[in-house]
2 protein chains.
Amino acid sequence: MSQMQSVERQLREMILALEIGPGERLTERWIEGRFGASRTPVRAALLRLETEGLVGRDGRGWTVSPINLAELEQIAVYREAVEVAALRLTCMHAERGAIDVIEAMLDSCDENTPREEWHRVGMDFHIELARLSGNEFLFRAVRDAMTRLSRARWLEVRDETALGRAWLEHRAILAAARLGQADEAARLLSAHITGSRGRLVTSLANDRRGLRARGFAVVAA
Amino acid sequence: MSQMQSVERQLREMILALEIGPGERLTERWIEGRFGASRTPVRAALLRLETEGLVGRDGRGWTVSPINLAELEQIAVYREAVEVAALRLTCMHAERGAIDVIEAMLDSCDENTPREEWHRVGMDFHIELARLSGNEFLFRAVRDAMTRLSRARWLEVRDETALGRAWLEHRAILAAARLGQADEAARLLSAHITGSRGRLVTSLANDRRGLRARGFAVVAA
DNA sequence: GATACCATTTTGGGATACCAAACTGGTATC
DNA sequence: GATACCAGTTTGGTATCCCAAAATGGTATC
């Protein structure tokens, strides 16, 4: 694996895992030293992560993108558009086996599963479901949106019941898709996304003080 | 303006204007010499253009992305999803004046307007309409999709009647949006996109031999 | 004539040197 | 004490150099 891709991957993981906090400043030289690479691959990584919205320019320098509540709401709207479109396509030519694989993902989580795994599977459920549409651009759009949302979802204060409800909704969506009921599946997915958007933004807004205390830049809606 | 942005902009324009043909190989050294910049800004430009889908990796080197008919169809589906979603948002909070500005864009084209101007305005109509949604991500998605489609639209063999029909459809969409009739506007836009997608792909498929003769790589659907 | 093989060139990935602009910290001035 | 100012440092933008891998082209062999 080239260093270029390696730096990009490692830096992305650090940002998504909040090891580098939202709003933190980045210098190319620090990254260079941190990953033992020279500036060429570092720059390539920053340029790529910029298009993913994970880092941004701050005048002359770079910063890890802050959590922006207004932006999160816009992403959720965007996500709903592309994810519902993908799901409708999937309903048209749903393959039994493919949907079973997604369902198995959900089954893999139980009460003994660590929280971070629930988090990851919850994201992958939506991404893999979009992949089934067969439309590369809808798939990429969903994956990109989920990536942009993932740090915020990680910060969200979620109770157990919320996770349980999400899983029930996921299963209901799959059931409708399996039967090819596009309108019903779309309705369920829209409700699921709208609901989780509301809870996400509310939770972050309520905990904004706490998040700032942890050094995380959180921009209001 | 920094050279980084300058090289990126100039190279993008050359590719979109087909001055560098789809499928053509690019070497960093050639670009370097062509624009009088060093490899650092050249590589930054290539990395950015790669995310826009205008250039791609070909093993170790770079190529201008070929026209891919299957991909064009997928982009059109993606575009329909995001553009319709944006239009629905616009209908919710449509400002009179903003829509008038878009209409003025259409008015600026008459029988004396050069073909390339019609082409540009036809694209900008959709992009600016999406901007009115107020959702940055839907807007970017539409702009990105239109960029990816633009080379193909430029190659399309269009008769005068097709352009006239497109303008009529554009005006009908604006009329519905002005009245806040979201469903009607969405229906018209969907039909407009679906229709132009069909004509675009048909035209390119029919002229594929001629396009290849001009040195343009055109991948079948 | 086709093919296998080798020397040469080209090319992208990476490292490093240099520069101008921005930032920093301290100092002098009021 | 506040502020204007200046020297030193940091930092991103750019140019250049090096290298290994891949492409190229010619040649010897069958």
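Here is the naming used below: chain letters follow the sequence lines, and residue numbers restart at 1 for every chain.
Of the residues in residues 22-43 of chain B, those with a non-hydrogen atom less than 4.0 angstrom from any atom of DNA chain C are Leu26(B), Thr27(B), Glu28(B), Arg29(B), Arg39(B), Arg43(B).
Glu52(B) pairs with exactly one of Arg12(B), Arg140(B), Arg151(B) by the salt bridge (charged side-chain N to carboxylate O under 4.0 Å, His left out) rule, that one being Arg12(B).
A salt bridge does not link Arg96(B) to Asp100(B): none of the charged nitrogens lies less than 4.0 Å from a carboxylate oxygen.
An OP1 or OP2 oxygen of dG13(D) is reached within less than 4.0 angstrom by no side-chain nitrogen or oxygen of Gln5(B).
In this structure, Arg60(A) and Ser2(A) both approach DNA chain C, and ranking their closest nucleotides by distance from the 5' end singles out Ser2(A).
Taking atom CH2 on Trp62(A) and atom C1' on dT10(D), their separation rounds to 17 Å, with Å as the unit.
When both distances must be under 3.5 Å, the Watson-Crick or G-U wobble mate of dA28(C) is dT3(D).
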Show the numbers, then the answer: is there a side chain to side chain contact (heavy atoms under 4.5 Å, CB included) between Trp167(A) and Leu106(A)?
-> CA-CA 7 Å; Trp167(A) 246 243; Leu106(A) 297 178; 3.7 Å; yes
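Between atom CE of residue Met123(B) and atom CE of residue Met146(B) there is a gap of 5.5 Å, rounded to the nearest 0.5 Å.
Ring pair His126(A)/His192(A) is parallel by interplanar angle, where below 30° counts as parallel and above 60° as perpendicular.
Cation-pi check for Arg25(B) over Trp62(B) is not met; the charged atom does not lie both under 6.0 angstrom from the ring centroid and within 45 degrees of its normal.
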